[in-house]
Engineer: 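Questions regarding the structure given below will be posed in turn.
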Amino acid sequence: ANKNAVEEAIRAGGMSYTILRPAYFAQNERSFKPDLTGLGVYPIPAGNQGLAVVDLRDLAEAAAISLTEEGHDGKTYDLVSSEMLTGPEAAATWSRLLGKQVSYVGHADFDAFEVQLRKKGSPSWLAWDLRIMFQGFVERGFSNTEVQTARFAALLGQEPRTYSSFAEELAREWATA
């Protein structure tokens, strides 16, 4: 379903609400260990425009705060950190952290991306949805603003975690496993 239409339906529904709009989840990277450590490729078509990122721990904290503290009814929060992700920058980050060459596989063939998602077990509807989402990221980006980041930081009471900090944490975890 179109997320904007869902948000409008929630607003029109007459109930209390707080809308949390998460960006790309940093924790998605956990599933790329074989690609990153073995093949040496960053497999997600993140593009070059910039993709906003959120750490799921910050998302969970935002949800808890908005549910348990006053003052969030009727508000919408964009859950984004200060750091934007691009495919080439992600590959460079992983190259540095893993001490090996990691290449960005690019974003030219979304048919192949969708097929690969299905081969890895994604249902057809999800593979299609992810394809469309990432095509949009590549074509238009999914950027954040300083205002969005500052508003999220104010909600959390601290700066949101960044992609780089999560990648560093994950690389340490993989190194000790």
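For the single chain, residues carry numbers from 1 onward in sequence order. Keep in mind that what you see is a predicted model, and the values were worked out from it rather than measured.
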Engineer: Would you please test T149 and S81 for side-chain contact (heavy atoms from CB on, under 4.5 Å) and show each step?
Structural biologist: CA-CA 6 Å; T149 302; S81 74; 5.6 Å; no
Engineer: Applying side chain to side chain donor-acceptor pair (under 3.5 Å), name anything that partners T86, two or more places apart in sequence or on another chain.
Structural biologist: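 T86 satisfies side chain to side chain donor-acceptor pair (under 3.5 Å) with E89 only.
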Engineer: Can you tell me how far OG of S66 sits from OH of Y77, rounded to the nearest 0.5 angstrom?
Structural biologist: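 It comes to 7.5 Å.
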Engineer: Could you measure the distance from the CD atom of Q49 to the OG atom of S143? Nearest 0.5 Å is fine.
Structural biologist: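 Q49 atom CD to S143 atom OG measures 9.0 Å (nearest 0.5 Å).
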Engineer: Who else is in I132's hydrophobic cluster (ILVMFWY, side-chain heavy atoms under 4.5 Å, direct or via others)?
Structural biologist: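 Its cluster partners, ordered by chain and number, are W128.
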Engineer: If I compare all heavy atoms of G47 with all of P88, which pair ends up nearest, and what's the gap?
Structural biologist: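 Closest pair (atom of G47, atom of P88, distance): O-CD, 3.7 Å.
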Engineer: Strictly by salt bridge (charged side-chain N to carboxylate O under 4.0 Å, His left out), give each pair with a member in residues 136-150 just once, sequence neighbours left out.
Structural biologist: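 Passing the test, one end in residues 136-150: no pairs.
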Engineer: With K119, which residues qualify under salt bridge (Lys or Arg N to Asp or Glu O under 4.0 Å), at least two apart?
Structural biologist: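 Expected list: none.
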Engineer: Can you hop from F166 to L36 via hydrophobic side chains spaced under 4.5 Å?
Structural biologist: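 They do share one cluster, since a chain of ILVMFWY contacts under 4.5 Å joins F166 to L36.
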Engineer: Identify each donor-acceptor pair in which a side-chain atom of residues 110-118 lies under 3.5 Å from a protein atom, sequence neighbours left out, and give them as a table.
Structural biologist:
residue: D111; atom: OD1; partner: R131; partner atom: NH1; Å: 2.7
residue: D111; atom: OD1; partner: R131; partner atom: NH2; Å: 2.8
residue: E114; atom: OE1; partner: R131; partner atom: NH1; Å: 2.8
residue: E114; atom: OE2; partner: R118; partner atom: NH2; Å: 2.6

Engineer: Starting from V80, walk the hydrophobic network (Ile, Leu, Val, Met, Phe, Trp, Tyr; side-chain heavy atoms closer than 4.5 Å) and list everyone else you reach, by chain and number.
Structural biologist: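 Members other than V80 - counting any ILVMFWY side chain reachable under 4.5 Å - there are none.
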Engineer: Under the ring pair (Phe, Tyr, Trp, His ring centres under 6.0 Å) test, which residues partner F137, sequence neighbours left out?
Structural biologist: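 Expected list: F134, F142.
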Engineer: So, for P45 and H107, which heavy atoms are closest and what is the spacing to 0.1 Å?
Structural biologist: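 Closest pair (atom of P45, atom of H107, distance): CB-CB, 3.6 Å.
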Engineer: In this structure, would F32 and M133 fall into the same cluster of hydrophobic residues linked by side-chain contacts under 4.5 Å?
Structural biologist: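 In one cluster: yes.
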Engineer: Can you tell if the side chain of L79 reaches within under 4.5 Å of the side chain of P160, non-hydrogen atoms only?
Structural biologist: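 A side-chain contact under 4.5 Å is absent here.
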Engineer: Once side chain to side chain donor-acceptor pair (under 3.5 Å) is applied, do any residues pair with T37, and if so which ones, sequence neighbours excluded?
Structural biologist: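 For T37 there are no side chain to side chain donor-acceptor pair (under 3.5 Å) partners, ignoring immediate neighbours.
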Engineer: OG1 of T93 to CG of L85: how many Å apart, nearest 0.5 Å?
Structural biologist: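 With rounding to 0.5 Å, OG1 (T93) is 8.0 Å from CG (L85).
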Engineer: Which pairs with one or both residues in residues 152-177 pass salt bridge (charged side-chain N to carboxylate O under 4.0 Å, His left out), sequence neighbours excluded?
Structural biologist: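 Pairs touching residues 152-177 that pass the test: R30-E173, R57-E169, D58-R161, R96-E168.
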Engineer: Mind checking whether Y163 and L59 sit in one hydrophobic cluster, side chains of I, L, V, M, F, W, Y counted as touching below 4.5 Å?
Structural biologist: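 They do not share one cluster, since no chain of ILVMFWY contacts under 4.5 Å joins Y163 to L59.
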Engineer: What side-chain donor-acceptor pairs closer than 3.5 Å can you find for residues 11-27, not counting sequence neighbours?
Structural biologist:
residue: R11; atom: NH1; partner: E8; partner atom: OE2; Å: 3.1
residue: R11; atom: NH2; partner: E7; partner atom: OE1; Å: 3.4
residue: R11; atom: NH2; partner: T76; partner atom: OG1; Å: 3.0
residue: T18; atom: OG1; partner: H72; partner atom: O; Å: 2.7
residue: R21; atom: NE; partner: E7; partner atom: OE1; Å: 3.3
residue: R21; atom: NE; partner: E7; partner atom: OE2; Å: 2.9
residue: R21; atom: NH1; partner: D78; partner atom: OD1; Å: 3.2
residue: R21; atom: NH2; partner: E7; partner atom: OE1; Å: 2.7
residue: Y24; atom: OH; partner: E29; partner atom: OE1; Å: 2.6
residue: Q27; atom: OE1; partner: L56; partner atom: N; Å: 2.9
residue: Q27; atom: NE2; partner: D55; partner atom: OD1; Å: 2.9
residue: Q27; atom: NE2; partner: D55; partner atom: OD2; Å: 3.4

Engineer: Quick check: is L170 connected to Y42 through a chain of hydrophobic side chains (ILVMFWY, heavy atoms under 4.5 Å apart)?
Structural biologist: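 Same cluster.
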Engineer: Is there side-chain contact between L155 and I65, with at least one heavy-atom pair below 4.5 Å?
Structural biologist: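 They are in contact (side-chain heavy atoms under 4.5 Å apart), so the answer is yes.
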Engineer: Identify whether V53 and M84 are in the same connected component of the hydrophobic contact network (ILVMFWY, side-chain heavy atoms under 4.5 Å).
Structural biologist: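 In one cluster with V53: M84, no.
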Engineer: Between E83 and S164, is any side-chain donor less than 3.5 angstrom from a side-chain acceptor?
Structural biologist: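 Judged by distance alone, the side chains do pair up.
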Engineer: Are any of the side-chain heavy atoms of S31 and K33 separated by less than 4.5 Å?
Structural biologist: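 Counting from C-beta outward, S31 and K33 never come under 4.5 Å.
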Engineer: At what distance, to the nearest 0.5 angstrom, does CG of L156 lie from CZ of R151?
Structural biologist: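 Atom-to-atom, L156:CG and R151:CZ are 12.0 Å apart.
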Engineer: For V41, check side-chain contact (heavy atoms from CB on, under 4.5 Å) against everything at least two apart and list the hits.
Structural biologist: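 Testing V41 for side-chain contact (heavy atoms from CB on, under 4.5 Å), a comparison that skips the adjacent residues, returns D35, L39, V105.
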Engineer: For E70, enumerate each residue passing the side-chain contact (heavy atoms from CB on, under 4.5 Å) test, keeping only those at least two apart in sequence or located in another chain.
Structural biologist: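 Scan of E70 (side-chain contact (heavy atoms from CB on, under 4.5 Å), adjacent residues dropped) gives none.
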